[in-house]
*Asks:* 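Here it is, the structure, as structure tokens.
Since we're looking at a predicted model, the values are computed, not measured.
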Amino acid sequence: MIGTELLLGQIVDTTAAFMGTTLAENGISLFQKTTVGDNPERIRRALEGALQRSNVVLTSGGLGPTEDDITRECIAELFDLSLEFRQDLYEQLAARFAQFRRPMSENNRKQAFAPRGAVAIKNPNGTAPGLIVGDSRGVIIAMPGVPGELKPMLVDSVIPYLREQFGIAGVIRWRVLKVCGVGESSVDTAIGHLIRTGQNPTVGVLASPDAVRIRITARADSVEEAEQLIDTVDIQVRALLPGLIMGVDDETLEGVVDGLIDARGWRLALAETQTGGMLAQRLSAADAKSFAGGHVLPSAAPEDEPLATARGMAEEARARFKADCAIGLHFDHATHKTTGLFVCPDGDVHWEASYPGTDTRSQMRVAVVSLEQVRRFLTGAPTPDA
């Protein structure tokens with residue numbers, strides 16, 4: 001990834017993630033990602049190092065018309081090739097500007113130059129053509145840095161080229177199982193042998209603030225075969241963590257809880273203190289059909305014992321928003337504990353969460369614990385230890 005703006009954080013690099021995902025889906029192993037600024041010496045060193053460990057190096061950025069767009073020059077120097085003016089590329093540029101109904105500046109002529117012998121990749125979405133250049137060390141494929149130009153070029157041109165050139169027939173697929181309310185070490189204890197012994201599929205565990213993610217990755221000749229391999233391990237993981245898999249891939253905890261409540265024809269109300277409306281925010285972001293409304297109250301010492309206070313909050317919210325069920329979350333500054341209660345037509349469940357702060361991280365953790373308690377209550381899963 002080439003561009004000083006990426007190093008400075010002026011642009012968030014989402015393109016590298018897209019490239020990694022696209023390569024993996026097509027059975028192409030990605031060994032390393034490197035970001036380098038618009039400096040010719042550092043670009044050349046990065047490219048030379050990449051060629052020493054890889055068959056193919058993909059680059060993004062530095063193919064534009066300005067003085068700091070120097071990728072083509074660095075590639076030419078690395079391969080000891082002269083830059084040649086290409087009439088075919090110039091005509092493509094002229095046609096693109098005519099299509100845009102804009103005059104072509106003199107500096108755009110720079111984009112019609114390419115290292116001698118390079119294969120040009122058409123760019124129907126912009127002015128900078130891609131380039132394929134190589135020697136006995138390997139191949140460099142240079143693409144424009146604009147996401148709207150790189151992504152279609154990668155999918156439509158580069159991936160087919162790589163699959164044909166290197167005889168790649170297989171695919172890599174993965175599935176992420178999400179667990180909430182259980183720590184990474186507990187998940188590892190339950191499925192560690194799958195992580196240690198798995199070859200194809202492989203199993204990995206990644207902890208994050210709101211969930212533990214179990215990633216099952218398979219390589220196969222077809223998507224169907226890869227999914228079958230993943231299914232086998234998926235069944236094993238669920239058997240080892242009974243009732244604890246909250247969701248898969250892009251599913252969210254709030255979305256799953258909303259589905260469980262909506263399927264029963266219920267509407268949910270909220271009364272929050274410590275979380276400051278985070279439960280409501282998450283449900284709103286998920287466009288929860290069951291969400292009836294909620295309110296945020298200041299934390300205070302409970303007039304009754306904490307559970308009774310949480311119950312009063314939940315029942316008041318249920319009545320106020322004409323809901324069938326409600327969550328009440330009460331934070332006691334004296335004990336630094338949050339007491340939560342979920343009430344519904346099928347009964348109720350309560351819990352304590354010991355995250356004493358009111359910072360965003362603590363609020364998020366209490367929200368996750370609360371939603372996971374509701375999910376497990378409604379699915380009959382074991383109750384987590386908050």
Side-chain angles (χ1 to χ4, degrees), residues 1-19 21-23 34-40 42-44 46-47 56-134 139-165:
M1 314 305 292
I2 298 171
T4 302
E5 68 278 4
L6 299 175
L7 290 177
L8 297 177
Q10 295 171 339
I11 295 178
V12 177
D13 185 5
T14 59
T15 305
F18 175 83
M19 292 170 70
T21 300
T22 304
L23 291 168
T34 302
T35 302
V36 62
D38 300 310
N39 177 279
R42 287 192 284 270
I43 292 174
R44 287 193 298 270
L47 292 175
V56 179
V57 181
L58 305 183
T59 75
S60 164
L63 296 179
T66 62
E67 289 295 327
D68 59 352
D69 289 315
I70 54 176
T71 299
R72 62 174 62 81
E73 289 83 354
C74 291
I75 293 173
E77 185 171 341
L78 179 65
F79 287 118
D80 195 23
L81 298 170
S82 60
L83 279 175
E84 297 180 338
F85 177 76
R86 294 266 297 267
Q87 184 64 33
D88 60 326
L89 297 183
Y90 186 79
E91 291 174 359
Q92 291 176 23
L93 279 170
R96 290 295 293 160
F97 276 96
Q99 182 181 353
F100 297 152
R101 296 184 179 179
R102 287 164 40 199
M104 184 167 62
S105 302
E106 179 59 29
N107 61 354
N108 284 109
R109 193 172 185 272
K110 175 182 179 180
Q111 294 175 294
F113 282 81
R116 177 170 45 84
V119 175
I121 307 173
K122 288 185 178 181
N123 180 5
N125 300 287
T127 60
L131 298 170
I132 302 176
V133 191
V139 177
I140 294 177
I141 302 178
M143 293 175 286
V146 179
E149 299 177 30
L150 180 146
K151 292 179 180 181
M153 182 180 292
L154 177 67
V155 172
D156 298 336
S157 300
V158 175
I159 293 296
Y161 167 84
L162 292 175
R163 291 179 69 89
E164 179 180 358
Q165 190 75 11

*Asks:* Residues in side-chain hydrogen bond (donor to acceptor under 3.5 Å, both in side chains) with Asp68, at least two apart?
*Replies:* Thr66

*Asks:* If you draw a 6.0 Å radius around CD in Gln10, do more than 12 non-hydrogen atoms from other residues or ligands fall strictly inside?
*Replies:* yes

*Asks:* For Glu149, which residues count as a salt bridge (Lys or Arg N to Asp or Glu O under 4.0 Å) partner, sequence neighbours excluded?
*Replies:* none

*Asks:* Who passes side-chain hydrogen bond (donor to acceptor under 3.5 Å, both in side chains) against Gln92, sequence neighbours left out?
*Replies:* none

*Asks:* In the structure I gave you, are the side-chain heavy atoms of Leu162 and Ile141 within less than 4.5 Å of one another anywhere?
*Replies:* yes

*Asks:* So Ile43 and Ile70, do their side chains get closer than 4.5 Å, heavy atoms only?
*Replies:* yes

*Asks:* Show me the pairs that pass side chain to side chain donor-acceptor pair (under 3.5 Å) and involve residues 150-159, at least two apart or across chains.
*Replies:* none

*Asks:* Sequence neighbours left out, cut at 3.5 Å: what donor-acceptor pairs do the side chains of residues 2-9 make with other protein atoms?
*Replies:*
from, atom 1, to, atom 2, distance (Å)
Thr4, OG1, Asp38, N, 2.9
Thr4, OG1, Asp38, OD2, 3.4

*Asks:* Can you tell me if Gln111 uses its side chain to pair, donor with acceptor, with the backbone of Pro129 under 3.5 Å?
*Replies:* no

*Asks:* Quick check: does any side chain N or O of Thr71 sit under 3.5 Å from a backbone N or O of Leu63, one acting as donor and the other as acceptor?
*Replies:* no

*Asks:* The criterion is ring pair (Phe, Tyr, Trp, His ring centres under 6.0 Å); which residues satisfy it with Tyr90, sequence neighbours excluded?
*Replies:* Phe85

*Asks:* Taking Arg86 for its side chain and Ala118 for its backbone only, find out whether a donor-acceptor pair lies under 3.5 Å.
*Replies:* yes

*Asks:* Hey, are the side chains of Tyr161 and Ile121 touching, using non-hydrogen atoms and a 4.5 Å cut-off?
*Replies:* no

*Asks:* Can you confirm whether Phe79 sits close enough to Leu47 that some side-chain heavy atom of one is under 4.5 Å from a side-chain heavy atom of the other?
*Replies:* no

*Asks:* With a 6.0 Å cut-off (strictly less than), is the heavy-atom count around CD of Glu164, excluding the residue itself, greater than 12?
*Replies:* no

*Asks:* Taking the side chain as every heavy atom from C-beta outward, state whether Pro65 and Thr127 have any pair of such atoms under 4.5 Å apart.
*Replies:* no

